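Read through the structure below, which is laid out as structure tokens, and then see the notes.
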Number of protein chains: 2
Amino acid sequence: MSGVLHVLLHMAERDEPVTSEALAKAMDTNPVVIRRVMAGLRDQGYVRSEKGHGGGWTLARDLADVSLRDIYEALGEPSLLAIGNRTEKPGCLVEQAVNAALTRAFDDAEALLLSRLADVTLAQLSADFHKRLIGRGKGHRLEVAHAK
Amino acid sequence: MSGVLHVLLHMAERDEPVTSEALAKAMDTNPVVIRRVMAGLRDQGYVRSEKGHGGGWTLARDLADVSLRDIYEALGEPSLLAIGNRTEKPGCLVEQAVNAALTRAFDDAEALLLSRLADVTLAQLSADFHKRLIGRGKGHRLEVAHAK
DNA sequence: TTTCATGTAACTATTGATATTACATGAATG
DNA sequence: CATTCATGTAATATCAATAGTTACATGAAA
């Protein structure tokens with residue numbers, strides 16, 4: 001999630017396509033990992049990919065039209081909470097009582113998180129970034145900001 | 001978390017100490033795992049352990065005095081969220097903007113979850129269990145409810 | 001003094017996430 | 001039109017965290 005948003009914002013600062021290799025270097029990972037993740041976003045229409053010379057990844061949507069929740073969903077809605085119920089349909093009544101209470105708490109927290117993510121657009125993140133850029137050197141280019 | 005609460009409520013239904021072996025069988029795990037987890041709770045004063053014949057684990061506190069958050073903290077406050085920021089103190093301004101937004105959302109969700117856990121006591125869970133018990137066979141004994 | 005139970009360190013196994021390798025497809029370039 | 005560059009994807013490997021196991025020590029009750 002964090003890494004994907006990072007990548008998307010860097011792409012927004014570019015006119016030409018960015019290769020998986022360049023992104024992988026910046027994120028300190030492997031190009032194939034980038035392709036796997038981006039493939040999901042492409043299938044949902046958030047980015048485009050081009051093969052061959054001058055190819056790579058480009059944004060397919062206006063930043064203002066995409067919320068963090070959109071991205072979360074495009075990533076396949078991975079589980080947000082680190083803990084959960086031991087079993088899903090327990091026969092034991094004790095466990096049923098425990099599950100009921102925990103599920104209530106978990107669901108509420110998850111719902112809040114999702115609504116917070118829905119409140120923030122990529123455009124807002126980009127604006128925040130440009131605000132931070134003022135008064136700093138021009139270290140915003142992908143390769144420079146992530147120099148080894 | 002789920003498993004620990006389960007164990008504590010079963011212990012509450014008993015007068016004599018419960019052995020790690022009995023609990024392990026019910027939780028479908030190993031006695032040593034039970035001891036490791038319970039040792040933490042004992043150090044925080046929530047349960048007592050006794051060696052030798054007739055030994056095992058007993059509750060050390062009134063169920064009404066213990067909230068789910070207390071148990072969570074006694075377990076060492078494991079991280080609640082499954083996702084987080086890629087790096088903690090990023091030099092990249094893009095990442096700083098991403099982190100700031102995500103951290104806000106994460107912190108809010110975590111705070112809500114903790115407050116929900118603080119609202120529920122073991123006594124409430126026990127009461128819910130006994131309510132569920134009405135109109136059901138007497139399948140509440142540890143070994144019966146968790147028969148293979 | 002034997003049995004039962006916890007206490008704990010050390011080790012092993014399992015699992016999920018991430019990374020890597022290998023090869024195929026397709027687009028630009030000279 | 002062959003070469004280079006880039007993505008697409010399956011198969012495999014690595015790694016770290018969690019859980020489980022073994023082994024042995026301690027102490028209490030029978």
Side-chain angles (χ1 to χ4, degrees), chain A residues 1-4 6-7 11 14-60 72 75-87 142-143, chain B residues 1-4 6-7 11 14-60 72 75-87 142-143:
Chain A
M1 185 80 195
S2 169
V4 169
H6 190 168
V7 157
M11 285 168 57
R14 286 248 198 167
D15 288 344
E16 324 98 44
V18 191
T19 66
S20 302
E21 192 170 1
L23 294 174
K25 203 160 288 180
M27 296 294 113
D28 203 43
T29 180
N30 194 287
V32 176
V33 174
I34 298 289
R35 289 190 194 109
R36 272 204 291 256
V37 174
M38 297 297 277
L41 296 183
R42 182 197 51 216
D43 294 345
Q44 307 290 320
Y46 293 109
V47 298
R48 268 187 292 264
S49 64
E50 286 167 292
K51 291 179 174 177
H53 277 94
W57 302 93
T58 46
L59 293 177
Y72 164 73
L75 293 175
E77 312 193 16
S79 76
L80 293 170
L81 298 179
I83 60 183
N85 290 328
R86 216 178 59 96
T87 57
L142 179 61
E143 292 82 359
Chain B
M1 187 80 194
S2 170
V4 169
H6 190 168
V7 158
M11 286 167 57
R14 286 249 198 165
D15 287 343
E16 324 97 44
V18 191
T19 66
S20 301
E21 192 170 0
L23 293 174
K25 202 161 287 181
M27 295 295 112
D28 204 43
T29 181
N30 194 288
V32 177
V33 174
I34 298 287
R35 289 190 193 109
R36 271 205 290 254
V37 174
M38 298 296 278
L41 296 184
R42 181 197 52 216
D43 294 346
Q44 308 289 321
Y46 293 109
V47 298
R48 269 187 293 264
S49 63
E50 286 168 291
K51 291 178 174 176
H53 277 93
W57 300 92
T58 46
L59 294 176
Y72 164 73
L75 292 176
E77 312 194 15
S79 76
L80 293 171
L81 299 178
I83 60 183
N85 290 329
R86 216 178 59 96
T87 57
L142 178 61
E143 292 82 359

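It should be emphasised that the depicted structure is a prediction, and the values quoted were computed from it without experimental measurement. Lettering follows sequence order; numbering is per chain, from 1.
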Can you tell me how far [atom2] of [N] sits from [atom1] of [X], to the nearest Å?
X: B:Glu16; N: C:dT6; atom1: CD; atom2: P; result: 14 Å
X: B:Arg86; N: C:dA17; atom1: CZ; atom2: P; result: 19 Å
X: B:Asp43; N: C:dT6; atom1: CG; atom2: C1'; result: 13 Å
X: B:Leu23; N: C:dA5; atom1: CG; atom2: C1'; result: 13 Å
X: B:Asn30; N: C:dT6; atom1: CG; atom2: C1'; result: 13 Å
X: B:Glu21; N: D:dT21; atom1: CD; atom2: P; result: 13 Å
X: B:Ile34; N: C:dA5; atom1: CD1; atom2: C1'; result: 14 Å
X: B:Glu50; N: C:dG7; atom1: CD; atom2: P; result: 11 Å

Between [atom1] on residue [X] and [atom2] on residue [Y], distance to nearest 0.5 Å:
X: A:Arg36; Y: A:Asn30; atom1: CZ; atom2: CG; answer: 8.0 Å
X: B:Thr29; Y: B:Leu23; atom1: OG1; atom2: CG; answer: 10.5 Å
X: A:Leu41; Y: A:Asp43; atom1: CG; atom2: CG; answer: 9.0 Å
X: B:Arg42; Y: B:Thr58; atom1: CZ; atom2: OG1; answer: 11.0 Å

Review point. Between A:Thr19 and B:Asp28, which is nearer to the 5' end of DNA chain D once each is assigned its nearest nucleotide?
Key: A:Thr19
Study note, to complete from the structure: By nearest-nucleotide position on DNA chain D, the 5'-leaning member of A:Val32 and A:Gly54 is A:Gly54
Exercise for review: Check whether the side chain of B:Arg36 and the base of C:dA9 form a donor-acceptor pair under 3.5 Å.
Suggested key: no
Check your understanding: Are OP1 or OP2 of C:dA19 and a side-chain N or O of A:Thr29 less than 4.0 angstrom apart?
Key -> yes
**Study point:** Phosphate OP1/OP2 of C:dG7 contacted by B:Arg35 side-chain N/O (<4.0 Å)
**Key:** no
Closest approach to the side chain of [X], judged atom by atom: which nucleotide of [options] is it?
X: B:Ser49; options: C:dT6, C:dA9, C:dT20; value: C:dT6
X: A:His53; options: D:dT7, C:dA27, C:dG7; value: C:dA27
X: B:Arg42; options: C:dT20, D:dT22, C:dT8; value: C:dT8
X: B:Lys51; options: D:dG20, D:dA6, D:dT26; value: D:dT26

Practice item. Would you classify B:Gly56 as touching base, sugar-phosphate or nothing, given that sugar-phosphate means primed atoms plus P, OP1 and OP2, and contacts are heavy atoms under 4.0 Å? Key: sugar-phosphate
Check your understanding: Is the backbone of B:Pro78 close enough, under 3.5 Å, to the side chain of B:Tyr72 for a donor and an acceptor to pair up by distance?
Key -> yes
